[in-house]
Peer 1: 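Below you'll find the structure I mean.
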There are 4 protein chains.
Amino acid sequence: MAPTSLSRPASTRHPDSRFEQRLAQILQHATAVFYEKGYEGASMRDLSRSSGMSLAGLYYYFESKEKLLYLIHKHYFTTVAQRLTERLEEVQNPEERVRTFIFNHLDFFLANHKAMKVLSHEDDVLERELGAEIAALKRQYYHSCSDLVEALKREHSSEFNTRVAVLSLFGMMNWLYTWYNPRIDPGADELSRQVGDIFLRGIRVPAAH
Amino acid sequence: MAPTSLSRPASTRHPDSRFEQRLAQILQHATAVFYEKGYEGASMRDLSRSSGMSLAGLYYYFESKEKLLYLIHKHYFTTVAQRLTERLEEVQNPEERVRTFIFNHLDFFLANHKAMKVLSHEDDVLERELGAEIAALKRQYYHSCSDLVEALKREHSSEFNTRVAVLSLFGMMNWLYTWYNPRIDPGADELSRQVGDIFLRGIRVPAAH
Amino acid sequence: MAPTSLSRPASTRHPDSRFEQRLAQILQHATAVFYEKGYEGASMRDLSRSSGMSLAGLYYYFESKEKLLYLIHKHYFTTVAQRLTERLEEVQNPEERVRTFIFNHLDFFLANHKAMKVLSHEDDVLERELGAEIAALKRQYYHSCSDLVEALKREHSSEFNTRVAVLSLFGMMNWLYTWYNPRIDPGADELSRQVGDIFLRGIRVPAAH
Amino acid sequence: MAPTSLSRPASTRHPDSRFEQRLAQILQHATAVFYEKGYEGASMRDLSRSSGMSLAGLYYYFESKEKLLYLIHKHYFTTVAQRLTERLEEVQNPEERVRTFIFNHLDFFLANHKAMKVLSHEDDVLERELGAEIAALKRQYYHSCSDLVEALKREHSSEFNTRVAVLSLFGMMNWLYTWYNPRIDPGADELSRQVGDIFLRGIRVPAAH
DNA sequence: TATGAATGAGTGTTCATTCAT
DNA sequence: TATGAATGAACACTCATTCAT
């Protein structure tokens, strides 16, 4: 995890320093609190309590509550996108590549479900530069999915509205945070197979001619 | 729209009185504000400003900010469910009935997109009795969809996890609030056709034997 | 009960009119509410609720919350003082006259214990003219007691600080509202005998020479 | 003065720390404000003004207005009871022990008359646990007086209602806050002698036989 | 005679944040 | 590296009161 702009001058940090480790812990606690109470509903006092650090102490690690949310967004988005890249390197078949995207997303989603609710739910609270940066990350992630779907579409000579299809797929996946229950619902493997089935069968539309 | 428990004794109200009308206006303004800022992020002062009524004056119409959110939830959920019932009366074919559900939902969604974001986004902030009542409404709505899908499944002798399928469908539809853009995306008719296509094709899974 | 200055022009009132009766009822309800919550702690809404009259309606009968407290003070003080006058007319013996004062006070106190708590407890909240008028009433009542004690003192040729003695007597009597329990404590007759015993024995101090 | 439950963890406090000192100062200011305006009538803003600390700053020292009143009650009650214990250690004679109680009470009362008005006047506003704890303290204090009076009663073989007598004594003493004027009334020594005279002579009732 | 509707000022309390240490 | 102490601004909500009807 490598947050880019922190309150401390960059020159005094080195990767995986105690600073980074401590910050990562705080981010975890904060994620849990935002998960429970939402970003607006959570107070810095809540974060202080959950992390065991004093209110003032927290400000050594990030400069504002909003920046903290930014760091969370950035960390998880960077991570999920990076894993995706790694996994796609080993897959060539267009349909398998889409399935890989879905599996990667859901696998990460279920393993980090608190963070993923935060990312899904607190999508538009970041403002200005911070918001723009995260939005760019998301756009990029969206396009990496969109590209995979387009490739498949070409292979199948299908006809459908890619934008609607891809965003519907994101809807199926991101809405999970409202209903997924690990005790009764399938795990990442089976779930991504089922969602993949619905989506892939769903878009196999022979072009009309 | 008929809010159930208000500060005034029920006996002094009659349907569509000035009181009800004024409350309905306030609900509209409040919906717009919650849409913009979220429930937690919106202050009663924001509501006062947007509705043109004094802060104290608002409390004549509802007893708390939470009750206001409850009234919004209740109004829109009741309405969408009622329209569904009406529309389903005229449709017999199982597949058409599922398509009717989708169209009804998206039609209402797009016509009341601010409210629908509020309903989707502020799903779990209502507590205790208020929350339980709305949750019951939502469960009922979910089951009405689930029943339609089950009927179709029987007809097609398909095999799939109904729960996952139905909640994926809700995901496709409810996630709309994060991306739908009336200038570039299709209207309710076409959109519900496309979503319906993906979903219905997606679940047409012949039973293995 | 004849309050002196009300919001309605005097010319339109006549004694025991419906207006006076309604006001008297409101005063009773208000007394009960002030007894429970204190003057500052009670809201006009509480009074509205307890009297069954609308918030705005109350203002037809008195012009402010403070004036209402004034009316209560005035009514009860006038009444207890008037009864005292009547009772003293039939008693000549100095000691008996002091006992009559005590009995009159306690008899009234126990019969109107809610009001008496209000009078005792909300002693200094009335301001300016209103406060001055009630203070004058109380001073007069104090002096009527003080005079009786002075008369007795002369008869017995006792020596003691009259002010301290009389105010101690008032203390014994007015403090009652904090502890009197009708189920275990004696009634007005016996209680005033006991308090009278303590006080009268207590001040029978032969002058030193 | 050792408040029991504060917002800071007990482990980080040590007796007479700056925190305790500052809290004690605030308690003094608050006592003066409650004395002037009553508990309900005083606002947190009044306390802020009188103590020279910001409104929000006050909440660092106690968690609510009610808790503040509790701390005041507790401090003064604990102190007066403790002094009583010390003074009684040196007195054996039953009558002198009652006189010691009276002197101790009035001495403290006059030296802390603002606080004592608050304790007398805001007797029943504390609720639940807080109220119960203070009520227990008061009951204990009442019984320590009652025991002394009982002892005297046995010695004199007197007959009187102890409860009425003791509560009358408290009435004489606690009512002081409504009338005591240091410029014209006697000091603690003389005043407690006079009150003691009235009370002790008052209860010297030979048993009837 | 009484009230529904409304309000400005105020309530107790919490907010994210700062700064000396 | 971390915190105790403090703050101005804001929070949801209630206050006594008014006024057209």
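First the proteins, then the strands, lettered A, B, ... as listed; each starts at 1.
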Peer 1: With a 4.0 Å cutoff (strictly under), does any side-chain N or O of D:Y60 reach OP1 or OP2 of F:dA5?
Peer 2: yes

Peer 1: Give DNA chain E the dot-bracket treatment, 5' to 3': Watson-Crick (N1-N3 with N6-O4 or O6-N4) or G-U (N1-O2, O6-N3) under 3.5 Å, [ ] crossing, | other strand.
Peer 2: .||||||||||||||||||||

Peer 1: Tell me, which of residues 33-54 of chain D have any heavy atom that sits under 4.0 Å from an atom in DNA chain F?
Peer 2: D:R45, D:M53, D:S54

Peer 1: D:F77: what forms a ring-ring contact (aromatic ring centres under 6.0 Å, His included) with it, not counting sequence neighbours?
Peer 2: D:Y141

Peer 1: Rounded to whole Å, how long is the line connecting atom OH of B:Y59 with atom P of F:dC11?
Peer 2: 11 Å

Peer 1: State which residues pass salt bridge (Lys or Arg N to Asp or Glu O under 4.0 Å) with C:K117; sequence neighbours excluded, sorted by chain then number.
Peer 2: D:D124

Peer 1: Between P on F:dT17 and CG on C:L58, what's the gap in Å once rounded to a whole number?
Peer 2: 11 Å

Peer 1: Please work out if C:L55 contacts a base, only the sugar-phosphate, or nothing of the nucleic acid, heavy-atom cut-off 4.0 Å.
Peer 2: base

Peer 1: Could you check whether atom CD of C:E40 has more than 12 heavy atoms from other residues, nucleotides or ligands sitting under 6.0 Å from it?
Peer 2: yes

Peer 1: Counting just side-chain N and O atoms, does D:R22 come under 4.0 Å of either OP1 or OP2 of F:dA6?
Peer 2: yes

Peer 1: Can you sort out the partners of B:H121 under ring-ring contact (aromatic ring centres under 6.0 Å, His included), two or more places apart, ordered by chain and number?
Peer 2: A:H121, B:Y177

Peer 1: Restricting both atoms to N or O, compile the protein contacts to nucleotides 19-21 of chain F shorter than 3.5 Å, with distance only.
Peer 2:
none

Peer 1: Between E:dG12 atom P and D:L69 atom CG, what is the distance in whole Å?
Peer 2: 13 Å

